[in-house]
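Worksheet: one structure, shown below.
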Amino acid sequence: MPDSTIVTRFAPSPTGYLHVGGARTALFSWLLARHMGGKFLLRIEDTDLARSTEQACTQLLEDLRWLGLHWDNPQLVYQSRRTEIYNKLIDELIARGQAYRAYETSEELDRQRQIASRSKRQYRYARPKLADEQIRQYEADGRPHVVRFAVPVKEYRFDDVVLGPNQGYGPGEAQDFVIRKSDGMPTYHFAVVVDDADMGVTHILRGQEHLLNTCNHIALQEALGYPRPTYGHLPIIMNLDGSKMSKRDRDKKIRHSVGLWLKQGRKVELLEEQAKLPQGRLAQWLAADTSQLDLPEQARVMEVIGLTRGDLPEILVHDFKENGYLPEVLLNFLSLLGWSPGGDRERMSMDEMVHLFAIDGIGKSNSKFARDKLLAFNTEACAAAPMSRLIPAFREYLSVNPESPLNGADDAQLQRVLKMNHGFHILREADEKSRFLFVADAEVEYQSDAIEKVLKKNEGQGLGALRDVRQALTGVETWNAAHLEQAVKGFCEQRQLGLGKVAQPIRVAVSGTTVSPPIFETLEFLGKTRTLARIERCLEECAKG
RNA sequence: GGCCCCGUCGUCUAGAGGCCUAGGACACGGCCCUUUCAAGGCCGCGACACGGGUUCGAAUCCCGUCGGGGUCACCA
């Protein structure tokens, strides 16, 4: 039994928070392992020294934990700590003539590729034929080199469990690719093959962008005497507009907004100063389209140019956490992007997904990420979830939204907020709609258009209603929603007024806006003293001007 | 551009030759409920990319066209 147990893995590179594409890959690998009773392993592919950061790694693990995709290897595998292992193998390959040192610089190669593309030729790396003496000279000069794998010229075909049999390419397509970079680190291709073999990985699910890489990996496996794992290449998740979804979308949006901001005649230096960035940082970022600001930098720049979190596209798992989606719902939605349990089945718990998951259910075509449906799923799930689920979820949401005054609420208060906001889409909605409940009476901000529309319009009709209903409220002995409703409705009847004509003025008076949770529950929550104090203050503010 | 992958409502998909006058979900439209924003209930609109075959019969098989995507790095 242990021999036939399947082992899957997720192998992200720590260059930032996890994005939804990566999350889906992780999910499918996790589901496959759980469904089959196998193992799901996590490995950190941090061979790109320039881009990998420890912070990104921490964030990645946090996201995975939040999603509930727990891995089975207590000891994480970091590729950057395994260079000795790779080097030993690479040296052996060199000794056997299956790999060789190559001395071209990146610039030289770039130039060759350019020449080829200008003359509309297909560029192919030609294995250099260096004389021994030449090599000795290069080495004596201390010329940097990479190690390339001497790919045997032949056909590389494999069966893909998602895309079908006979994938790959024919002879003559393969090129000698780099397996060790000039900085001494292995490339992805090499490390991935070695580690998957070392970790006993039997099933590899990954994005379709890796389809052709598989040929390189197979060639390496054959040279190293490794077994070939089962491959499945997942369709790609696209943006609604058809462009590829990537972490850069966020940066792109900020870049665009910064562009607009600067167009209004403002200086880069000013932005740098206000965003507390080192001199030249922005210019450097703006000059290179593919470079990105890190998260704290983004936050500071956004603040200066007036961009809020809600303006950014949700593409990182972290964005969904910040906006208050339930992780299990995100996962359910993600699972449906490229997979179907068949029939009409859509809403699934984690357990149900594990139970139903099957590779045959994975589709071949790319899908677009439309968050409307996710929103609907989340709404339903939140409406159906017990408080024992909602409160911890709300706490998690609040922990990444420290600016919310709801952070000061206790569980009982949170529960009341959740109940009175029943029907919300995301936790952010319940939060933002309820913040006025947790600020001091004097801090309530009155929106001028709300005051105008509800209180001052029609010769201050609303204002009059508010003044009068205050009396009725003052007389309420038992301050709860039921009694308040009775009192206010009685007042309305007496005055021949629709409830809306009275409820809206009260709403504006206590919340400062035209939108709040249901009014009687709101007033109950606020309590008599605070309700009356707010009405008082509102009346005063209006009297002022 | 070469090579490769894909193509069912706006979106995610069910569909493995007759069960399909193509099912579900989300979105959208209408009505109902209603103290705001929501949520909820009911009804509706809406697709087999196109053209050829194969077959008694095709969304399902084959070919071509078109469309979308991936990949051609010392990034993964």
Side-chain angles (χ1 to χ4, degrees), chain A residues 11-13 15 45-48 50-52 79 102 104-106 109-110 113 117 120-125 144-148 160 162-164 167-170 172-173 175 177-183 185-189 191-192 206-213 233 235-236 238 240 242-244 290 333 336-347 360 363-377 379-380 382-383 421-425 429-430 433 450 454 485 488-489 492 498-504 506-508 511 513-520 522:
Chain A
S13 54
T15 56
E45 310 224 317
D46 53 354
T47 54
D48 185 346
R51 292 205 302 151
S52 303
Q79 291 186 327
E104 301 91 344
T105 63
S106 305
L109 291 171
D110 278 349
R113 276 191 275 263
S117 93
K120 301 204 166 167
R121 278 197 341 267
Q122 207 56 37
Y123 173 79
R124 301 192 52 75
Y125 179 81
H145 69 272
V146 300
V147 176
R148 282 180 187 265
D160 190 287
V162 172
L163 295 173
Q167 303 295 323
Y169 48 59
E173 291 293 321
Q175 297 188 56
F177 56 93
V178 175
I179 56 178
R180 186 170 66 203
K181 301 179 269 189
S182 56
D183 66 0
M185 294 300 279
T187 59
Y188 157 74
H189 300 296
V192 91
R206 46 158 53 153
Q208 241 169 64
E209 66 269 22
H210 287 294
L211 187 64
L212 270 351
N213 286 341
H233 289 88
I236 294 171
M238 316 289 289
L240 209 46
S243 62
K244 189 177 177 182
T290 51
F333 174 74
L336 263 14
L337 256 33
W339 172 69
S340 165
D344 293 347
R345 204 67 201 278
E346 283 201 324
R347 327 283 150 126
D360 328 346
K364 298 179 180 186
S365 52
N366 295 347
S367 49
K368 290 177 184 156
F369 186 90
R371 51 179 73 57
D372 281 348
K373 187 160 174 166
L374 167 60
L375 218 47
F377 273 31
T379 307
E380 271 177 47
C382 286
N421 281 292
H422 184 93
F424 63 87
H425 300 103
E429 228 171 75
K433 231 163 85 175
V454 176
E485 181 165 0
V488 173
K489 281 192 171 160
C492 289
L499 186 50
K501 292 265 187 263
V502 180
Q504 275 307 80
I506 301 177
R507 175 169 282 119
V508 172
S511 75
T513 72
T514 53
V515 176
S516 85
I519 193 65
F520 303 117
T522 297

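Values below: every heavy atom of this structure, side chains too, minus hydrogens, waters and symmetry copies. So you know, we letter chains A, B, ... as the sequences are listed, proteins then strands, and number each from 1.
- Residue contacts for A:K364: at a heavy-atom cut-off of 4.0 Å it reaches the sugar-phosphate backbone alone, with no base atom in range.
- Partners of A:D48 under the salt bridge (Lys or Arg N to Asp or Glu O under 4.0 Å) rule, at least two apart in sequence or in another chain, are A:R51.
- Protein atom CG of A:L337 is 18 Å distant from nucleotide atom P of B:C6, rounded to whole Å.
- Rounded to whole angstrom, the span from the NZ atom of A:K368 across to the P atom of B:U13 amounts to 11 Å.
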Query raised in the report: What string of B, S and - do you get for nucleotides 23-38 of chain B, 5' to 3', if B is base contact, S is sugar-phosphate-only contact and - is no contact with any protein heavy atom under 4.0 Å?
Result: SBBSS-------BBBB

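- Pairing of B:G44, defined by two Watson-Crick or G-U wobble distances under 3.5 Å, is identified with B:C28.
- Checked against side chain to side chain contact (heavy atoms under 4.5 Å, CB included), A:E104 has the following partners two or more places apart in sequence or in another chain: A:A102, A:E108, A:L109, A:Y125, A:P128.
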Query raised in the report: Please walk me through it: do A:R206 and A:H233 pass side-chain contact (heavy atoms from CB on, under 4.5 Å)?
Result: CA-CA 5 Å; A:R206 46 158 53 153; A:H233 289 88; 3.0 Å; yes

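- Across all strands shown, B:G2 is found opposite B:U71 as a Watson-Crick or G-U wobble partner, with both distances under 3.5 Å.
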Protein-nucleic acid N or O pairs under 3.5 Å, nucleotides 59-67 of chain B:
none

Would you list the protein and nucleotides 41-44 of chain B atom pairs, both N or O, that sit under 3.5 Å from each other?
none

Report task. Any chance you could list the contact pattern along nucleotides 68-76 of chain B? Use B for base contacts, S for sugar-phosphate-only contacts and - for none, protein heavy atoms under 4.0 Å, 5' to 3'. Result -> -SBSBSBBB

